[in-house]
Amino acid sequence: MTPPRTRFAPSPTGFMHIGNARTALFNWAFARRHGGIMVLRIEDTDEARSTAESEAAIFDGLGWLAIEWDEGPFRQSERRDRHRAAVEELLAKDRAYRCVCTREELEARKQATIAAGHKWVYDGRCRDANHGAGAGAHTVRLRMPQGGLLGWDDLVFGASGQDASEIGDMILRRSDGAPLYNLAVVVDDVDMHISHVIRGADHHSNTPLQLAIYRALGCEPPRFAHVPLIVGKDGKKLSKRRDPVSLQGFRAEGVLPGAMRNWLVRLGWSHGDQEIFSREEIARLFDLDAVHRSAAQADAQKLAWLNQQYIKTLARDELVAALLPFLEQAAGHPVRRNAELDALVELLRERSRSLVEMAQLARFLVVDEIAYDAKAAAKHLRPEIRPALEDLHARLEALEPWSPAGLEASFEEVRAVHGGLAMGKLAQPVRVAITGGEVSPPIFDTLAVLGKTRSLARIAEALHELRHG
RNA sequence: GUCCCCAUCGUCUAGAGGCCUAGGACUUCGCCCUUUCAAGGCGACAACACGGGUUCGAAUCCCGUUGGGGACGCCA
């Protein structure tokens, strides 16, 4: 195949939606797979809804997922002249005409038609009226073919199409002169030499009418590939109200970009039984022929599992860097990277499903004052453990060097001296004393990471609590 | 309502007529490991929507039914 040219064309309204992110990913992957390029085009023709923040969220989200585009970003709003020229061209070729029907008239006729049990499409009232440029307020409509199939071979859905007679003459230009989406996409895709339009299946039924525009313009349409929608738990198209759909939202919850990308690519696409795909593998393995036709439900648990897989294997430098903001959030103050933090991160890798969780687990290392979890303290910091804890504190004060092996030996001594005390009976109180909670990496490693001075201080503090609290 | 589309475990999916007593993954539940929590190992539960064809043979092909979804804007 000649190198394909794909495009990702989001409209900058609201935050970046995961459905959009997946569409971007598919476009990028398909282009990479076949040595083509991806164009980024911001469809901001709806001035009322488009915002700069939303546009920034698109760049931000794409950057986070490491989905890079090769050309653009182009803004549809900057191409108004081209869109207007195309409308004029269609008018000149009599493939379009001016329509003076008002919204009110249209609405009335539409209601009447529906009430009569018929499907409403524009009734063609102005079709042959020959309104000139001076007709007053008017829209411009495409003169649809009277019949015949507007069909295409969809790369995902296969043979698709609709009879032209079922489609009304759609509006190409609003009465205020603004060209509409369907016209603009076609003109832009033609000008940008897009060879493959890969987009959500919600556009599947829009395609025939875009095909009509290509035809009217005398242009060869691109190949189309409609990818199945991502649906929520209710099986319906993701909704901002019901479902977590914001890419930034997932990011804020501590999801790693690799996990997000992996989760997204497997929604509607698969490659045998493989579950984990690196960015490079996606670029090498992805193809449209393995894309499904049925909608996929977004499963947060699978994402969580994937996230854990990525946390387990991410390079340490990257993991620590990704964790830092979350850790600062948890600590409430700036945190500097050091050897102890690195060591702790290694211990926490297998225990964290998200960076938020990891930060929670790492917090004890970077704060001066830990607070005991009430339940944990009540369960493990009990008077009867005091003698053993005091003994342990004394032995640890003398321990040199402060290593996991040495710590273990000290614990064993204490257990032996105190009537064969179970490891759990001793370790849990210490864990609560030094971390505040009853969950942490193995106790000797945890003590080693915290360091002698701070560990002893926290055990002493716990003993103080036991004596006076 | 009209048009279009979809249909394998709860979820993501493998499966392109015999390799399927339907495989993998997530979730759930056991067991092992174990100082907590995880991770890891082993195992269990769990699906071809239904009905007709076609065929020696159908999860795979055809038709219908049912269920679900999408599109029907002077939004994108």
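Each chain gets a letter, A, B and so on, in the order its sequence line appears, and its residues count up from 1. Keep in mind that this is a model prediction, so the values were computed, not measured.
In this structure B:A58 sits in no base pair that meets the Watson-Crick or G-U test at under 3.5 Å. Base pairing of B:U66: its partner is B:A7, meeting the Watson-Crick or G-U wobble criterion (both donor-acceptor distances under 3.5 Å). Base pairing analysis places B:U2 opposite B:A71; the two distances defining the Watson-Crick or G-U wobble pair are each below 3.5 Å. B:C31: Watson-Crick or G-U partner is B:G41, with both key distances under 3.5 Å.
Within 4.0 Å of A:His380, counting heavy atoms only, lies no atom of the nucleic acid at all. A:Gly268 comes within 4.0 angstrom of the backbone, heavy atoms only, and of no base. Counting non-hydrogen atoms under 4.0 angstrom, A:Glu438 reaches a base of the nucleic acid. Base contact: A:Ser440 has a heavy atom under 4.0 Å from a base atom. As judged by a 4.0 angstrom heavy-atom cut-off over every strand, A:Leu267 is placed among residues touching the sugar-phosphate backbone only. Here A:Lys110 lies in heavy-atom contact (under 4.0 Å) with sugar-phosphate atoms only. If you check every strand for non-hydrogen atoms under 4.0 Å, A:Arg353 touches sugar and phosphate atoms only. Nucleic acid contact for A:Asp202: sugar-phosphate only, since backbone atoms but no base atoms lie under 4.0 Å from a heavy atom of the residue. Across all strands, A:Leu229 comes closer than 4.0 Å only to sugar-phosphate atoms, never to a base (heavy-atom distances). Within the nucleic acid shown, A:Arg266 comes within 4.0 Å of at least one base atom, counting heavy atoms only. Using a 4.0 Å heavy-atom cutoff across all strands shown, A:Pro441 reaches at least one base atom of the nucleic acid. If you check every strand for non-hydrogen atoms under 4.0 Å, A:Ser175 touches a base. No engagement by A:Phe411 is indicated, since no non-hydrogen atom pair under 4.0 Å with the nucleic acid exists. Heavy atoms of A:Glu275 sit under 4.0 angstrom from at least one base atom.
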A:Phe277 and A:Trp269: CA distance, side-chain angles, deciding distance, ring pair (Phe, Tyr, Trp, His ring centres under 6.0 Å) verdict: CA-CA 12 Å; A:Phe277 294 88; A:Trp269 176 79; 5.1 Å; yes

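Heavy-atom contacts from other residues, nucleotides or ligands closer than 6.0 Å to NZ of A:Lys379 number 12 or fewer. Within a 6.0 Å radius of CD in A:Glu47, no more than 12 heavy atoms belonging to other residues, nucleotides or ligands are found.
Across the P atoms, B:G51 and B:G67 are found 16 Å apart, a figure rounded to whole Å. Comparing the P positions of B:G24 and B:U34 gives a spacing of 28 Å, expressed to the nearest Å. Between B:C48 and B:U21, the distance separating the two P atoms is 15 Å to the nearest Å. Comparing the same atom, C1', in B:A59 and in B:A47 gives a spacing of 10 Å after rounding to whole Å. The separation of B:C5 from B:G64, taken at their P atoms, amounts to 12 Å, rounded to a whole angstrom. Here the separation of B:G52 from B:A58, taken at their C1' atoms, is 14 Å to the nearest Å. Comparing the P positions of B:C33 and B:C26 gives a spacing of 22 Å, expressed to the nearest Å. Taking atom C1' in both B:U54 and B:A14, one finds a spacing of 26 Å when rounded to whole Å.
Ion pairing between A:Glu390 and A:Arg386 holds under the 4.0 Å rule for side-chain N and carboxylate O. Salt bridge annotation for A:Glu275-A:Lys302: present, with a cationic side-chain nitrogen under 4.0 angstrom from a carboxylate oxygen.
Toward the 5' end of RNA chain B, the nearer of the two residues A:Lys237 and A:Gly161, judged by each one's closest nucleotide, is A:Gly161. For A:Gln309 and A:Ala159, each mapped to the nucleotide of RNA chain B holding its nearest heavy atom, the one lying further toward the 5' end belongs to A:Ala159.
In terms of heavy-atom proximity, A:Gly151 sits nearest to A:Leu211 at O-CD2, 3.7 Å.
From the 5' end on, the contacts that RNA chain B makes with chain A at under 4.0 Å to a non-hydrogen atom open and close at B:G1 to B:A76.
Between the side chains of A:Ser77 and A:Asp44, a donor-acceptor pair is found at a separation under 3.5 Å.
A:Asp123 pairs by the salt bridge (Lys or Arg N to Asp or Glu O under 4.0 Å) definition with A:Arg109, not counting sequence neighbours.
The aromatic rings of A:His226 and A:His204 stand perpendicular to each other, their planes meeting at an angle above 60°, with 30° marking the opposite boundary.
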